[in-house]
Structures are given as structure tokens and as C-alpha cells.
Amino acid sequence: MSSVPSLVQSVDWLALAPPTLTAAVALVVLVADLFLPAARKPLLGWIATAGLALAALSLLPLLGGDRRTFCLSGHPDVCSYVADPFALVIQFLVLAGALLTALLSVDTIRDHDLPAGEYWFLLLSSAAGAALLPASRDLATLVIALEVASLPAFALVGLRRGDRLSSEAALKFFLSSVAATAVMLLGVSFLYAATGSLHLSRVAHALTALPDPRLATLASAGVALTLVGFAFKTAAAPFHFWVPDTYVGAPLPIAGYLSVVGKAVGFSGLILVTVQGFPSYAGVWGPALAVLAALTMTVGNVAALRQDPRRAHSAVRLLAWSSVGQAGYLLVPIAAAGYLHDPAHAIGSTVAYALMYAAVNLGAFAVAAVVARTRPANRITDYRGLYHRRPLVALALGFFLLCLAGLPPGIIGLFAKVTVFSAAVDAGLAWLAVVMAVNVVIALYYYLQWTTVLFRGAEETAAARAPEAAPGQAPHRTDIPAPLATAIALAAVLGIALSGAPELVLRFASGALL
């Protein structure tokens, strides 16, 4: 009598700890919100911050291992969740980015009278989905994790009730993301029909030898649609149109969160489906991603260059368009991986660049939050003379902008760009390296223009003496809250430390082998 393999399997809760702890703390916050009086609501923020710190610490026992769970019976190498070095690096980026966002949010919630319970629950839920995604190794789990990360973000963007910009931003973000998800799901269904599996390793094996030409056509359509869906999620041109208005309408901490954690989610998913799921189609997605990278960085940098410094919210708009340009740089090594026999080094370049970008971009948004306390319109011209008003804050922002530009003393920014540039050259993509070099020069202009504004003499105008007031906002104060100051300090210290030893970043990121 033949034995039937058991479908019951043990769950590796240690491997699942980072996303599980984050989701558990989200539920704790939601329940606690029901019982805490209004005067004690700030406690929810510290519970959320402590939960994110605990989730980040739970990565330590996983270092140096390759833990797997939710595997097929009789096939221990075909699993839905894998805590390998790649997953751990991205989870660290996600949780650290969410932790800095939480520090930025503590006073934003009070100043803008946002509902604390809903805010922290949504932020933690999104972070849990973002932490789940890099460890996902089947298409169903990837899509679910992507939506768990995205759906709470829609609500966070539109949480400022009665604010027209916020409602419009949430609607644009929602519609574009839903369209991306629909396209991606169609692609995933085509791939499942063609290969009979959702696990990336089995999909990759099946795509190498499809018995029927009709199945090959169906699989090709599935690959293309899946890549288009991720292009939306990564804000790659021409699927980037939602970014500027969404960042302007969202609370500043959430704009920073989307620019860093949202990108980490999109790019980690794109890396998994291309390198692990579709290696046999590298001749298709490699050139396609190279073209997308060139188009994305060019559109982002040219649009940032055209920003009017006197326009309302021009500082946030510049950071939004800059993030589109940076997405183009992040796409370069992924495109290069399609031309290399061993894509690990190229993927390491993307991860290293993402780590640098996360630290300094969240730092820039933190400084924007400081300026917004007295200048709600957040124009670039509002930063004029910031060095004379707040020397340390101005120096921090100048450092962050120089890192993004890739200029000393922002050595980590320069190192990251050289690493990405080298990945393109090693893959034989000389034309893409030239496009990147031109775009880096374009970006230098607007980053340096903003940096010089910080050190100019302040204009003593009536507007400067009497800060603008926005409807429904609390009175603006000139002090810097401790959580906001801590977020700026952490981002600056991290950027300085990485600039002192940039090779450690690449070595750490290169450990993220797939």
C-alpha cells in the first residue's frame, strides 16, 4: 500500500519573524487605539516605533543562514518563503526605512490632526507587506505581499481629510496601482496556464522547454505583462505619472516612505521575477529594462531641472522627480543582469545603491518636514538662508543633496553611482553608461542649485517674517521635535559612516546573492 506524503509541515517562525512581528504590532496598535483616551494617543506612536525596532532586531538570528518554510511536500528546495541574504538585506532596508518614517510621523500626526490609530495601523501593515515581499518565492505570494504593502499606502496618502490635494493624490495613486495590479495578475495567470506552477524556480525551469508553441506565446505575453505591472510599481517611465502629485498630496513622512520603501518593494519584486523566474527570457527583459532605465532617468532629471523654485511645494516636487531619476539608475544593474552569466554582482550594485538612496532621501524628506513647520508651501526659495537660521539642519540637507548628486563629501553617493556605471560597462551596455553619465551631469545642476540656496542670505520679506498658515493646521512652531531631530541625525550619521567606508556597502550588498 503506497504511502501518501503528508501535507502537514512545520512552520519556521524564526524565519517569518520580521513580517510577522510587524503585523502583530499593527494589530496591537489597532486594539489599543480603542481603549486609549485622546490624551494618551501619542503612546501608539512609540509602540509602533518599538515594534519596528524589534522586527529589525529579529533579523540578527537569521544572518548567515538560508532558512525556508512553506515548501512543497517532497521538494524541500521549492518553497514559498526563503530567508536568504537577499531577503534579509531588503528586509533591513524596509524596516529601517519604516522606522525612520515612524520618527518623522510622531509630530506630523499631531500637527495635522491625523487619526493616530489608523495612521500607525496602516503604516505597520504596509511595512509588514513590504518585509514579506523580498522573501516570497512564488508569484501568488509576491502579488499578495505587493498588495499588502500598497493598499494601506493609498489610505495613508489620503488621510488628511478635507484636503483636496491629499484626496486627489490618493485617487491617482489608487487608480494607477490598481491598473498595475490588474495587468500583473493577467500576466501571472498566463504564466500559470503555460507552466502549471507559481513557484519561481519551477516557472524558470518550465519556461526553458515549453512543448507547445501556443504555450510559448502565452508565456511570452505573461512575462511582458508581469514586467509592465512592476514598471508601474517602480515608477519607471512612462508609468511614473502618479509620482509628483502623490508625493505633494501625501503627508511628508508618507511621501518619504513611498520614495524609499515603496521603491524597495517594487525593485525587489522585479529582481525576483526577472533573475529567478524568467532567466530564459533575459534576451527580452534585459534590453527592455535598459531602454526603461534610460527613459526613466532622463524623464525624471529633465522634469526636476524644470521645477520653478518659487512654485508652491516645489521642494517636494523636485524630490519626487528626483526619485523618478534615481529609479532609472536603480534599473541599470537589473538590465545589466540580463546580459551576464552571473547576475549576482549586478544585483549587488542595485542593492548597494538602494541602501545609499534610502538613508539620504529619507534624511532630505526629514529636513523638508522641518521647513514645512514654518513654511507650509515648502518652496525651494523657502530654504534660502536656512544655514543662518538652522546651521546643522542646513548642513545635513546639503550633505544629503550632495550624496544624491554623487559629489564629495557624499562619497557614498559617488561610490554608488560608479558601481552602477561599472555594472553597465561590464554588461557591454556602453550606450546606457553614456546616457547615465549625461543624466548625472543634468542632476548636478538642480542638486547644486538647491544646495547653494541654503547658504545665501535670507530675504527679509513680509512673507518671511510672517509664516504662511494653512487651513486646518495647528500653529507653526520654530522648534524641532526630538523624534524629527533624531531621524535627521540618524540619516546623517548613516550617510557619513557609509561615506567613510563605501566598500563595506558593496560587500554587504554583494552578499545578497540570488
Side-chain angles (χ1 to χ4, degrees), residues 86 89 200 204 207-208 216 219-220 223-224 226-228 230-231 234-239 263 266-302 324-357 406 412-444 502-503 505-514:
F86 172 78
V89 171
L200 292 175
L207 288 177
T208 57
S220 299
V223 169
T226 304
L227 292 179
V228 168
F230 275 105
T234 56
F239 312 109
K263 274 190 173 45
F267 279 101
S268 57
L270 184 62
I271 288 169
L272 287 172
V273 297
T274 53
V275 177
Q276 284 211 342
F278 313 145
S280 58
Y281 280 77
V284 176
W285 57 257
L289 290 181
V291 172
L292 273 182
L295 182 61
T296 302
M297 67 177 75
T298 303
V299 168
N301 286 317
V302 170
V324 174
Q326 300 286 346
Y329 303 147
L330 286 163
L331 280 170
V332 170
I334 306 176
Y339 292 83
L340 300 171
H341 294 294
D342 180 14
H345 181 72
I347 297 306
S349 299
T350 289
V351 175
Y353 198 99
L355 289 170
M356 178 282 300
Y357 171 73
I412 185 60
L414 175 63
F415 181 80
K417 282 185 169 57
V418 169
T419 302
V420 169
F421 188 87
S422 300
V425 173
D426 291 344
L429 295 170
W431 68 270
L432 184 56
V434 171
V435 172
M436 180 180 172
V438 171
N439 274 278
V440 169
V441 173
I442 293 173
L444 286 179
E503 70 282 356
V505 182
L506 184 60
R507 194 178 307 160
F508 176 64
S510 294
L513 304 180
L514 290 168

(message) Measuring only between side-chain heavy atoms, which start at C-beta, is Pro287 closer than 4.5 Å to Val291?
(response) no
(request) With rounding to the nearest 0.5 Å, note down the distance linking CZ in Phe267 to CG in Leu272. (result) 13.5 Å
(request) Quick one: closest heavy-atom pair of Ala231 and Thr234, and the distance? (result) O-OG1, 3.2 Å
(message) Once rounded to the nearest 0.5 Å, what's the spacing between atom CD1 of Ile347 and atom CD of Gln276?
(response) 10.0 Å
(message) I want to check something: taking the side chain as every heavy atom from C-beta on, are Lys263 and Tyr357 in contact at a cut-off of under 4.5 Å?
(response) yes
(request) For Thr296 and Ala235, work out which heavy atoms get closest and say how close. (result) CG2-O, 4.0 Å
(message) If you compare all heavy atoms of Ala293 against all heavy atoms of Leu432, which two are closest, and at what distance to 0.1 Å?
(response) CB-CD1, 4.4 Å
(request) Taking the side chain as every heavy atom from C-beta outward, state whether Leu270 and Leu289 have any pair of such atoms under 4.5 Å apart. (result) yes
(request) Could you grab the distance from atom CG of Asn439 to atom CG of Asn301, nearest 0.5 Å is fine? (result) 4.5 Å
(message) Please check this pair: side chain of Ser349 against backbone of Val420, looking for a donor-acceptor N/O pair closer than 3.5 Å.
(response) no
(request) Identify the two heavy atoms, one from Ala219 and one from Tyr281, that lie closest to each other, and give their separation to 0.1 Å. (result) CB-OH, 3.8 Å
(message) Can you tell me how far apart CD1 (Ile271) and CZ (Phe86) are? Round to the nearest 0.5 Å.
(response) 4.5 Å
(message) To the nearest 0.5 Å, what is the distance between CG on Leu331 and CG on Leu292?
(response) 6.5 Å
(request) Please name the pair of heavy atoms, one in Thr208 and one in Ser280, separated by the smallest distance, quoted to 0.1 Å. (result) CG2-CB, 3.9 Å
(request) Indicate the atoms forming the closest heavy-atom contact of Phe421 with Ala437, along with that distance. (result) CE1-CB, 4.3 Å
(message) Closer than 3.5 angstrom, by distance alone: can the side chain of Trp285 be matched with the main-chain N or O of Phe278 as a donor-acceptor pair?
(response) yes
(message) If I take atom CE from residue Met436 and atom OG1 from residue Thr298, how far apart are they, to the nearest 0.5 angstrom?
(response) 11.5 Å
